[in-house]
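Treat the numbers as computed from the prediction; the structure is a model and nothing was measured. The residues of the chain are indexed from 1 along the displayed sequence.
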Amino acid sequence: MKCFEKKMTYLHFIKYLIPSVLTMIFLSFYTTIDGFFVSKYAGSDALAGINIVIPVTCVIFGIAVMLATGSGAIIGERLGQKRVREAGEIFTFIAVLLLIFSIAFTAAGILFLEPICVFLGSSPRLMEHVVPYAFVIFLGTVPMSFKLFFEYLVRTDGKANIGMVMSLTGLVLNVVLDYIFVGRLSMGTLGAAWGTFLSITVSMLIGLGYFLKFSHIKFCRPKPDWSILLKSCTNGSSEMLTEMSTGITTFLFNLIIMRYFGEDGIAAVTIIMYIYYFFISIYMGIAVATAPMVSYNAGAGNHAKIRETTRYSFITIAVSSVMILAVSLLCGPRIIGLFVDGGSVFTLTWDGLKLFSPVFLFIGLNVFLSGYFTALGNGFISALISSLRSLILVVVFILILPKLLGVSGVWITMPLAEAVTIFVAVHLYRSYGKCFGKNKTA
């Protein structure tokens, strides 16, 4: 835990960020890899079919992230206060509840599989691709949930490198399995889903092994504390909203784009969302790397370390935002070309990406500040920022702008939502972001 306490140079801070940023990038690649192999070997309809199921994965990740980040802030504070046994009891209690949710979600998903696929917007033409993929994704709820849970909590334990190993191992295995199942055995979306399931399971088992043998945070007899669960849920609600809103946004985009361009439009949305997932993962990496440092030092009363962390984070986000926007616009056609070779889907995607790309200028600071308030234990402000940028404003703009601007209104929905949110987020940071004593987790 010494890295949480000692003063850092900016270069040391960047080195500290790298494992967490890479972990989040690797995580973003899981669905992208499925899309890459499916688009190359099974066609654009299969690619669109994967996109239909994205809201399901967002629910799974949303619940896991909520419990991981929400409880992680509490556990981090307990560790800062040297209350290690209590930290282990909270960790075990939350893990048991996550297991119960995962099993129930799997059962409900498999029982109502086809109605769920229809509700999510699958056309009859896409059902043959959607149903097999959704079935395996529901089946993989337990390993998917715990992979994410363990990856977040190893950072709280001060071992971000373990999270990177988990993600890198799963990523490499996913590439190999997708190549075998989709590229060689022509199993389409079913093969892509099984590749994801098996690779995530291996990754999850690495995390489980770490917490069973090496972690400061130990599995122990859980001590049920419903106030801790409530605090974890409220404190981690902003991160849940970020994940859930991705699913809601994708769902709404699919419905509206389908009206304009049919299945080709869904494929275009899928590619743009892959690009979005990749770049936002960099900002998510910064946020999840700094969160345990902030919560630990809030518990320890080391406010100077919190100020140092936020200052370095702001610099990193400012520089990376400009660089990411430039890469998106300059390299956009080449990135799109990884998934489709010309044609109407390529044109639709490139036209949309040019309008969508300004989102990368604003989103980094919003994501960081939401995670920052979570780490301080101020779940309300964190949720307010997250719900504005990823849910409330997105829904409002996507229902209004297409009626005024046509399809262009769809693509500028998210940039406009992030731009409006950043003014609110900065105001909240200036008003409440330095009140460390008032934001402690109970």
*For atom OH of Y10, decide whether the heavy atoms of other residues, nucleotides or ligands shown that lie under 6.0 angstrom number more than 12.*
yes
*Are there more than 12 heavy atoms of other residues, nucleotides or ligands under 6.0 Å from atom OH of Y179?*
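Atom OH in Y179 is not packed in, count stays at 12 or less.
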Assert yes or no for the condition that the ring centre distance of [X] to [Y] is strictly below 6.0 Å.
X    : Y    : value
Y41  : F181 : no
Y210 : F150 : no
F251 : F119 : yes
F93  : W226 : yes
F211 : F91  : yes
F360 : Y283 : no

*List the steps, then state whether side-chain hydrogen bond (donor to acceptor under 3.5 Å, both in side chains) holds for D34 with T196.*
CA-CA 8 Å; D34 286 352; T196 298; 2.6 Å; yes
*Hey, does the side chain of S382 reach the backbone of N378 with a donor-acceptor pair shorter than 3.5 angstrom?*
no
_I want to check a possible cation-pi pair here: R155 against Y152, using under 6.0 Å from ring centre and within 45° of the ring axis as the test._
yes
*How long is the gap from CD on E77 to CG on N297, to the nearest 0.5 Å?*
11.0 Å
*Can you tell me how far the OG atom of S387 sits from the CZ atom of F380, to the nearest 0.5 Å?*
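S387 OG to F380 CZ: 8.5 Å, rounded to 0.5 Å.
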_F29 and ring-ring contact (aromatic ring centres under 6.0 Å, His included): which single residue from F36, F278, F37, Y274 fits?_
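Running ring-ring contact (aromatic ring centres under 6.0 Å, His included) over F36, F278, F37, Y274 with F29 returns exactly one hit, F278.
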*Please tell me if the side chains of S203 and E151 come closer than 4.5 Å, counting only heavy atoms from C-beta onward.*
yes
_Strictly below 4.0 Å, N to O, side chains only: are E308 and K305 in salt-bridge contact?_
yes
